[in-house]
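Comments concern the structure below.
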Amino acid sequence: GALFYRPVNLKAALRLLQSHPGAKIVAADTLFPGVAHGDWPCRNDRQVVVSLESVIQLREVSFEQEQWQIGGSVTIRALAEALGGRIPLIERMTRRFSSLQARNRSTVGDHLSFAACGSDLPPVLLALDAEVLISSLSGERKLMIKDFLEGAGSTAMERGEILRSVLLESRTPNASELEGNHHLSGFYKVTRRNHNGRAIVCGAFAVEINNEGRVTKARLCYGGVAAHAMRAHEAEELLTGAPWGTKAARKVAVALRESFPAQTDFLAGADYRKSMVSELWRKFFAENRKPGTYVPVSDGLDDHARLLEP
């Protein structure tokens, strides 16, 4: 038979993982990390499952010392409601995140720990330079999200560890932004259907522009293209320091096509994914061509985006 545990605090959960090293962790409806369908033991073995849904510390969203702390068992819907639009990139991601039912059940921790290549959340957190806080009985450690994600279904977590929270710096307006600096962000997704569809390609962008019109920081992050969410470092370097405009955006669009080792699967081929990487960037630029003025465009490549064609 199987044993099912549902601890109510973090220490109890960690002790259970120490007592049962082979235990599977479940959050919402997802087993992690990297549990395949064939990974269950045979019927004669005793399976141990530890649910994190009732762990109080993992269900909290707090703001301390100019930093958001988001518990690993916080659902996508609860995350959006707690932030209340204070981080626009997350707000835009949740609008495209599967269905209402999925947003009510899916948690921050299961999406990061499972590390599925088509998940919406990892590229968004990459664009926001997020950190993760990992807990174990021996203590806690912090990792940048880029170091946490290692591959498809693979993370830097070890046995006996639990993803306690995600840490995000505050994005409240400051005096410099009021003087002409701009923070542009956007999330875009290509799927076969609007709801319940895994991303063929999704892109999360965060660009900061100073009062002289030059890019001071750029994060161009994608999911669904390669084995795990990745940043387009070469394209970011091309953009950083350049004046925000069509010339720089066109160079970035060309560089993005070869930025990732795109995969081929039942959803799409590598060439299609490479083209969509560039197209999502074109749409972001078209909607934010004039900093401070957001002009939404249609799902297709319209006249604004065609300005970046070679």
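- Applying the ring pair (Phe, Tyr, Trp, His ring centres under 6.0 Å) test to H20 and every residue at least two apart in sequence or in another chain returns Y5.
- The salt bridge (charged side-chain N to carboxylate O under 4.0 Å, His left out) pairs that include a residue from residues 67-81 are R77-E81, where partners are two or more places apart or lie in different chains.
- In this structure, N288 contributes its side chain and P291 its backbone to no donor-acceptor pair below 3.5 Å.
- Side-chain contact between V74 and E60: absent, with no pair of heavy atoms (C-beta onward) separated by less than 4.5 Å.
- For K217, the salt bridge (Lys or Arg N to Asp or Glu O under 4.0 Å) criterion is met by D129, not counting sequence neighbours.
- With contacts defined as side-chain heavy-atom distances shorter than 4.5 Å, the pair R192/L267 qualifies.
- Atoms CD and CG, on E161 and L137 in that order, are 10.5 Å from each other to the nearest 0.5 Å.
- Nearest heavy atoms, L149 versus A229: CD1-CB, 4.3 Å.
- For residues 129-157, no residue pair satisfies the ring pair (Phe, Tyr, Trp, His ring centres under 6.0 Å) rule, not counting sequence neighbours.
- Clustering ILVMFWY residues whenever any of their side-chain heavy atoms sit less than 4.5 angstrom apart, transitively, puts I25 in the very cluster that holds L3.
- Taking every heavy atom of both residues into account, A248 and P243 meet most closely at CB-O, 3.6 Å.
- Of the inter-residue distances, the one linking F187 atom CZ with C221 atom SG reads 11.5 Å to the nearest 0.5 angstrom.
- Qualifying side chain to side chain contact (heavy atoms under 4.5 Å, CB included) partners for S135, counting only residues two or more places apart in sequence or in other chains: L10, L14, E140, R164.
- Within the structure, ring pair (Phe, Tyr, Trp, His ring centres under 6.0 Å) contacts touching residues 206-230 (residues at least two apart or in different chains) are F205-Y222, Y222-F260.
- Proximity of V190 to E279: side-chain heavy atoms (C-beta onward) are nowhere separated by under 4.5 Å.
- Residues passing the side chain to side chain contact (heavy atoms under 4.5 Å, CB included) test with A82, sequence neighbours excluded: V61.
- Summarising the geometry of R214 relative to G241, their closest heavy-atom pair is NH1-O, 2.8 Å, with the distance given to 0.1 Å.
- Each of I70, T75, V132 was compared with V108 under the side-chain contact (heavy atoms from CB on, under 4.5 Å) criterion, and only I70 meets it.
- By the rule that hydrophobic residues join a cluster once side-chain heavy atoms approach within less than 4.5 Å of another member, L133 and F63 end up as members of separate clusters.
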For this session: Apply side-chain contact (heavy atoms from CB on, under 4.5 Å) to R289 and T246, showing your working.
Result: CA-CA 8 Å; R289 191 178 178 198; T246 303; 3.5 Å; yes

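- To the nearest 0.5 Å, atom CG of residue L167 and atom CD1 of residue I145 are 10.0 Å apart.
- The side-chain heavy atoms of I162 and L58, taken from C-beta on, include a pair separated by under 4.5 Å.
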For this session: Decide yes or no on side-chain contact (heavy atoms from CB on, under 4.5 Å) for K283 and V297, but give the supporting numbers first.
Result: CA-CA 7 Å; K283 185 171 183 179; V297 301; 3.6 Å; yes

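- Distance OG/S185 to CZ/R219: 14.0 Å, rounded to 0.5 Å.
- How far CD of E131 is from CG of L143: 8.5 Å, rounded to the nearest 0.5 Å.
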For this session: List the steps and the verdict of side-chain contact (heavy atoms from CB on, under 4.5 Å) for H182 and K290.
Result: CA-CA 10 Å; H182 298 279; K290 183 179 179 181; over 6 Å; no

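- Taking 4.5 Å as the limit, every side-chain heavy atom of V277 sits out of range of all side-chain heavy atoms of S259.
- A235 and L220 make their closest contact through CB-CD1, 3.9 Å (heavy atoms, listed as atom of the first residue, atom of the second, distance).
- One side chain, S54 or R6, offers a donor N or O that lies under 3.5 Å from an acceptor on the other.
- A side-chain donor-acceptor contact under 3.5 Å links R86 to the backbone of L83.
- The main-chain N or O of K274 is never found under 3.5 Å from a side-chain atom of E258 such that the two would form a donor-acceptor pair.
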Exercise. What do the steps show when you test T155 against L112 for side-chain contact (heavy atoms from CB on, under 4.5 Å), and what is the final call?
Worked result: CA-CA 8 Å; T155 70; L112 290 181; over 6 Å; no

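- Taking E287 as the reference, nothing meets the salt bridge (Lys or Arg N to Asp or Glu O under 4.0 Å) condition, with sequence neighbours excluded.
- Residues E208 and N181 are not in side-chain contact: their nearest non-hydrogen atoms beyond the backbone lie 4.5 Å or more apart.
- Few gaps surround CG on N104; more than 12 heavy atoms of other groups in view lie less than 6.0 Å from it.
- Contacts classified as salt bridge (charged side-chain N to carboxylate O under 4.0 Å, His left out) and involving residues 144-159 (residues at least two apart or in different chains) are not found.
- Evaluation of the salt bridge (Lys or Arg N to Asp or Glu O under 4.0 Å) rule for D265 yields R198, R273 as partners, not counting sequence neighbours.
- Inter-residue side-chain proximity for W281 and L239 is flagged as met; some heavy-atom pair is nearer than 4.5 Å.
- A salt bridge (charged side-chain N to carboxylate O under 4.0 Å, His left out) check over residues 112-127, counting only residues at least two apart or in different chains, returns the pairs D120-K189.
- Nearest approach of S113 to L163, heavy atoms of both residues: OG-CD1, 4.0 Å.
- Cation-pi geometry between R92 and F284 is not satisfied (NZ or CZ under 6.0 Å from the ring centre, within 45° of the ring normal).
- A253 approaches S278 most closely through the heavy-atom pair O-OG, 3.2 Å.
- Within the structure, every pair that satisfies the side-chain hydrogen bond (donor to acceptor under 3.5 Å, both in side chains) test and touches residues 234-245, not counting sequence neighbours, is listed here: R231-E236.
- With hydrogens and angles disregarded, a donor-acceptor distance shorter than 3.5 Å links the side chain of S73 to the backbone of L52.
- Between the CG atom in L128 and the CE atom in M93 there is a gap of 9.0 Å [rounded to 0.5 Å].
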